[in-house]
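Values below: every heavy atom of this structure, side chains too, minus hydrogens, waters and symmetry copies.
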Amino acid sequence: MTTDMTVETMQQMLERLMLQRDIEEFLSMEAELLDERRYDEWLEYIADDIHYHMPIRRNVRFGEQYRENTSADSEISWIDEGKRVLIGRVRQINTGIHWCEEPLSRVRHVISNVQVYDPEGDEVKVRSRFIVYRNRMEDEVDLFAGKREDILRRDSVTGWKIAKRTIVLDQNVLLAKNITFFF
Amino acid sequence: MVHILPSLGDRSLRSLVDLEQGLISREIYVNEDIYKQELEQVYGRAWLFIGHESLVPNPGDFFKSRMGEESVILVRDHKGVLHVFLNTCRHRGMKVCRYDDGNTRLFTCPFHGWSYDTDGKLVGVPHFKTAFHEELDKSEFGLYEVGRICNFYGSIWATWDRDAPPFEDYLGAYADGVRRCFESMDGVDNGVELFRPVQRWRLPCNWKFPAFSFDGDRMHGVTTHRSINVAAIGPQGDRNEGDRHPMRARFPSTNYEMSIRELGHGGHNAIYDLPGVAPYVDTWQTEPPEVDEYYRQAREKKAKKYEGQFLHGGGALIFPNVNIQEQRILHWHPHGVGATESWRFYQVDRNAPKVVKDAQRRYMMRYCGPAGLTESDDMENWNYASEASTGAMARRLPYPFKAGLGHDYTDDRVPGMTLNFDIAEENQRSRLARWLAFMEAGSWNDLYPLNKGK
């Protein structure tokens, strides 16, 4: 009895480790696609019903932190869109005449502190932290730090698809002139 | 180094702005001394956009806004009266409001604890008896309030200068167009609210690049925004080759560059061939059918209101730095000679159902702002145009503002307006002329013709 339980626990732990590893590899692969500007391939990992949301963050009085990040339900955010607009962004970059990305920026995603929550059905909640570095033209530099809250969904073809992504950027006034790439 | 004197008729400044030839020195966009003078001469006097009453609906509500480089507080006091105060403690200057918005009974300074009522009165001074011996006259040290404030159909404006003319006179012939930008789709005055919060972000360019070119530079569209239509971000989606316009139905009309040369305001506005309001044509096919239904019904109501009237004109850049349009407000604040803090507000019908508000909101976010698919290319051009104009050699080369120079005219249908072909640089010349007038004026009395005879 005791031995069986230990085996069961070991198996659970192993599954958990495999899942963690699997998701970390997925996020690294995704970052590679973005950094190498393989946007059309990246779109294959985006679920058709994705909600891609980047709230604005307010300075609020202590005790009002519940309204620090803008709501996708009724407020203005930096980005709040679905796959149709993400496809539009990729199409626009791929014209070669989208001047704020022509020549293309150099973007690097560092993704870390990946927390994988217990799967629910075919979906799993994942939190990660990012440092995104953008360098463009000769000396233009932007640095973005923040947290991503994802829902990943199992997919028979691609392994995982991103079903929801909330990008919590650690800025109030946006210190970059524009956002022309993906987090 | 250009030496600048603020006196009337100062030749060194005037020589940089040759409006007869349409040649404008790059110095006025890159020179630190000129920039400092702008903060005094332009931003210290002009009526500036502050926000909207829907941002502060209840007593004690505040919204942190901005005039020029400086932080100000828009607040509704405990009696319901709106005020705009400079956000600085009268004791040692600390910001007394450090939240973007909220509700409060007092603004208490975190430095030495001076506290102010929502009407600006200094009400609390720690150690008032022991250290100040009750000798400090609190009435002299309330929050510093703007010279004049105006609630114009729900939009809030202010100027530091008590001698400024009434806001409606400041708008002149654009008063009606601006008023209509704050009416709901069904034609009810003050029928909108602003979505919250305001988008704020930094651009590496002088404030005049965006403020003086926007709504006065249709020439940039076909080149700057060549890539946008493939993205199909408009409410119709891929229909009509990705047209981005939020309302398809328009009467036959002709678009012009329109401006009030004496006041500096101007936009791309239409003169209509027919009176009233055009019947609605479905535009929001990518959204639930309720959205088109709402707009159709609103349009019918509006048509009744304006039956027989011509609605020429419309939104415009209101000098110096805010562009008021029907569904968005574009505001550019100076942030150092080579930097701008860009703000975006978006109006929506206050009484619209959620499905309409959501559609409108998402459309604005994908169109406008730093992540909007249209405006991102503008930032790139303003950024590097600004940078490439700072060099010692580059500064010697004036910018030509010659498109349409000498081809302006007037039209009795839009009295007070100077017109030019839809693609011209007339509006930019109007803004520069008004800018020069502000820079040279000793006071509002010199800012002809507003106070003429007053």
Worksheet item: Closest heavy-atom contact between R91(A) and V230(B)?
Response: NH1-O, 2.6 Å
Discussion item. Please determine whether a side-chain nitrogen of the Lys or Arg among R361(B) and E75(A) lies less than 4.0 Å from a carboxylate oxygen of the Asp or Glu.
Written reply: no
Response to the item:
CG (D80(A)) and CE (M365(B)) are apart, to the nearest 0.5 Å, by 4.0 Å
Worksheet item: Which one of G102(B), S227(B), A231(B) has the most heavy-atom pairs closer than 4.5 Å to chain A?
Response: S227(B)
Worksheet, complete the sentence: Max heavy-atom pairs within cutoff under 4.5 Å with chain B, candidates S74(A), A72(A), G88(A), goes to S74(A)
Item to complete: Taking atom NZ of K95(B) as the centre, report whether more than 12 heavy atoms of other residues, nucleotides or ligands fall under 6.0 Å from it.
Response: no
Worksheet item: About how many Å separate CD of Q171(A) and CH2 of W201(B), when rounded to the nearest 0.5 Å?
Response: 14.0 Å
Discussion item. Under the criterion side chain to side chain contact (heavy atoms under 4.5 Å, CB included), I'd like the reasoning laid out for N172(A) against R200(B): C-alpha separation, chi angles, the key distance, then a yes or no.
Written reply: CA-CA 8 Å; N172(A) 172 249; R200(B) 299 174 296 160; 2.6 Å; yes
Worksheet item: Would a 4.5 Å heavy-atom cut-off, applied to side chains only, mark D377(B) and E101(A) as touching?
Response: no
Worksheet item: Quick one: CZ on R366(B) to CD1 on I79(A), what's the gap to the nearest 0.5 Å?
Response: 13.5 Å
Worksheet item: Is there a side-chain contact between E341(B) and V173(A), using heavy atoms and a 4.5 Å cut-off?
Response: yes
Discussion item. Given 3.5 Å as the limit, does a donor-acceptor pair link the side chain of R84(A) with the main chain of A232(B), or not?
Written reply: yes
Discussion item. Let's test your reading of the structure: which of I93(A), I87(A), T180(A), V60(A) forms the most heavy-atom pairs below 4.5 Å with chain B?
Written reply: V60(A)
Fill in: Gap separating the CD1 atom of I97(A) from the CZ atom of R226(B), nearest 0.5 angstrom
4.0 Å
Worksheet entry | Contact class of D73(A) relative to chain B, heavy atoms under 4.5 angstrom | both
Item to complete: Please state whether the side chain, the backbone, both or neither of S71(A) comes within less than 4.5 Å of a heavy atom of chain B.
Response: backbone
Discussion item. Looking at R136(A) and E380(B), is any side-chain nitrogen of the basic one under 4.0 Å from a carboxylate oxygen of the acidic one?
Written reply: yes
Worksheet item: So which part of D378(B) gets closer than 4.5 Å to some heavy atom of chain A, the side chain, the backbone, both or neither?
Response: neither
Discussion item. Looking at Y117(A), I'd like to know if its OH atom is crowded, meaning that more than 12 non-hydrogen atoms belonging to other residues, nucleotides or ligands lie closer than 6.0 Å.
Written reply: yes
Worksheet item: Does the pair R67(A) and R196(B) meet the rule for a side chain to side chain contact (heavy atoms under 4.5 Å, CB included), with working shown?
Response: CA-CA 12 Å; R67(A) 65 181 198 96; R196(B) 300 189 205 191; 6.0 Å; no
Worksheet item: Can R61(A) and D100(B) be counted as an ion pair, charged N to O under 4.0 angstrom?
Response: no
Item to complete: Please check if atom CD in E326(B) has more than 12 non-hydrogen atoms from other residues, nucleotides or ligands closer than 6.0 Å.
Response: no
Worksheet item: How many angstroms lie between atom OG1 of T70(A) and atom CZ of F195(B), to the nearest 0.5 angstrom?
Response: 12.5 Å
Worksheet item: With side chains defined as the heavy atoms from C-beta onward, is the minimum distance between L373(B) and R89(A) less than 4.5 Å?
Response: yes
Practice prompt. With a 4.5 angstrom heavy-atom cut-off, could you sort out which part of I76(A) is near chain B: side chain, backbone, both or neither?
Written response: both
Practice prompt. Please confirm whether the backbone N or O of Y99(B) pairs with a side-chain atom of N59(A), one donor and one acceptor, at under 3.5 Å?
Written response: no
Worksheet item: In Å, rounded to the nearest 0.5 Å, how long is the span from NE2 of H98(A) to NE2 of H225(B)?
Response: 11.0 Å
Fill in: Atom CD of Q12(A): over 12 foreign heavy atoms under 6.0 Å
yes
Worksheet item: Quick check: does any side chain N or O of W99(A) sit under 3.5 Å from a backbone N or O of T223(B), one acting as donor and the other as acceptor?
Response: yes
Worksheet entry | Side chains of P204(B) and K177(A) in contact at under 4.5 Å (non-hydrogen atoms) | yes
Discussion item. Under 4.5 Å from any heavy atom of chain A, what part of R344(B) do you find: side chain, backbone, both or neither?
Written reply: neither
Worksheet item: Top residue by heavy-atom pair count (under 4.5 Å) with chain A, among T286(B), N229(B), V198(B)?
Response: T286(B)
Item to complete: Check whether more than 12 heavy atoms from other residues, nucleotides or ligands sit under 6.0 Å from atom CZ of R105(B), and answer yes or no.
Response: no
Worksheet item: With respect to chain B, which residue among L174(A), I179(A), V90(A) yields the maximal number of heavy-atom pairs within a distance under 4.5 Å?
Response: L174(A)
